[in-house]
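Input: a single structure, listed below in structure tokens.
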2 protein chains.
Amino acid sequence: MVNPIGALNKIFDSRIRLGVMSILVVNDAVSFNELKQMLELTDGNLASHLNTLEQAEYIKVQKAFIGRKTNTTYLITELGKQAFKAHLDALEKMIKGI
Amino acid sequence: MVNPIGALNKIFDSRIRLGVMSILVVNDAVSFNELKQMLELTDGNLASHLNTLEQAEYIKVQKAFIGRKTNTTYLITELGKQAFKAHLDALEKMIKGI
DNA sequence: TCCATAACTTTGAAGCACAAAGTGCTTTAA
DNA sequence: TTAAAGCACTTTGTGCTTCAAAGTTATGGA
């Protein structure tokens, strides 16, 4: 038998990063504050997890202006979508014992 | 919106514990060595994760004899089954954005 | 008698998660 | 026109988790 946990993505071991991806996979552009509120996190904690996801190129940042005010939103990348899907597939296989 | 990651079980944040549960949920009694081989872990690492699961009463140990030799197998408990299922449900809800 | 195997426990290092506090910029209220 | 408050961070420090490696105890086989 092949080790079932080997196919899991380490980046998604973290519940918070998993939560961020779950949100971004269905929502096109979500702001820092929306994520913060949805996931009930402190700024620092959220920022560091977003940073990890950005380093992995699973998400990207978009800085825009709403009137004069800057607004930062986060989007999932194509690579991020693939990695997330692959992780979920691996999870499913593991659970179902395939 | 309710925080989607709040319903996840911290015990199952670990890929190894998730792997153990996935195996035990479909296999009735699995030995220490079988788990060790399937998951490709060192003795100590496996033992400590099994210990965490046992503390939570999600698994239990069965010491039996094969001839004169002792044989240790692990089984999932009813509580373990419930907790595992609840975790998977929470995961699914989170991912599907329910 | 010696070695191997099973099933651990202990130890220690490395990495991670998290809160809290600090930063720089901007906007709004007094 | 300060002052306060919000946004989006970065930095810092503590405590927890993970893991490998080594040590332990017991048994079985050569």
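In this text the structure is predicted, and so the values were computed from the model without any measurement. So that the names make sense, note that chain A is the first sequence line, chain B the second, and so on, each numbered from 1.
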A:Tyr74, nearest nucleotide to its side chain (from D:dA8, D:dC9, C:dA7):
D:dC9
Are B:Ser14 and A:Asp13 side-chain neighbours, meaning at least one heavy-atom pair lies under 4.5 Å?
no
Check this for me: does any side-chain nitrogen of one of A:Asp89 and A:Lys93 sit under 4.0 Å from a carboxylate oxygen of the other?
no
Nearest-nucleotide 5' precedence on DNA chain C, A:Asp43 against A:Asp13:
A:Asp13
Distance, rounded to the nearest Å, where A:Gln37 contributes CD and D:dG6 contributes P:
12 Å
Euclidean distance, atom CG of residue B:Asn45 to atom C1' of D:dG23 [Å, nearest integer]:
17 Å
Taking only the side-chain nitrogens and oxygens of A:Lys63, find out if one of them lies under 4.0 Å from OP1 or OP2 of D:dC9.
yes
Please check the phosphate of C:dA17 (OP1 and OP2 only) for any side-chain N or O of A:Arg15 closer than 4.0 Å.
no
Expressed in angstrom and rounded to an integer, what is the separation of A:Lys36 atom NZ from C:dA20 atom C1'?
13 Å
A:Thr72 side chain N/O closer than 4.0 Å to the phosphate oxygens (OP1, OP2) of D:dA8?
yes
Identify whether any heavy atom of A:Leu46 sits under 4.0 Å from a base atom; if not, whether one sits that close to sugar-phosphate; answer base, sugar-phosphate or nothing.
nothing
What contact category does B:Ser14 fall into here, base, sugar-phosphate, or nothing, at under 4.0 angstrom with non-hydrogen atoms?
sugar-phosphate
Of the listed nucleotides D:dT10, C:dA7, D:dA20, the one nearest the side chain of B:Asn71:
C:dA7
Separation of D:dC19 atom P from B:Glu40 atom CD, nearest Å, is 13 Å
Using only side-chain N and O atoms of B:Asn33, determine if any of them is under 4.0 Å from OP1 or OP2 of C:dT5.
no
Please determine, for the side chain of A:Ile16, which listed nucleotide (D:dT18, D:dA20, C:dC18) has the closest atom?
C:dC18
In terms of side-chain heavy atoms, does A:Ser31 have a donor or acceptor partner in A:Glu34 at a distance below 3.5 Å?
yes
Euclidean distance, atom CZ of residue B:Phe32 to atom P of C:dA7 [Å, nearest integer]
7 Å
May I ask whether A:Met21 and A:Leu75 are part of the same hydrophobic cluster, defined by side-chain heavy atoms of I, L, V, M, F, W, Y residues being less than 4.5 angstrom apart, directly or through others?
no
To the nearest Å, how far apart are A:His49 NE2 and D:dC9 C1'?
15 Å
Output yes when at least one side-chain N/O atom of A:Arg17 is less than 4.0 Å from OP1 or OP2 of C:dA17, else no.
yes
Can you say whether the rings of B:Phe32 and B:Tyr74 are parallel (under 30°), tilted (30 to 60°) or perpendicular (over 60°)?
tilted
Whole Å only: how far is the CG atom of B:Leu41 from the P atom of D:dT17?
18 Å
Nearest-angstrom distance from the residue atom CD of B:Glu34 to C1' of C:dT5
15 Å
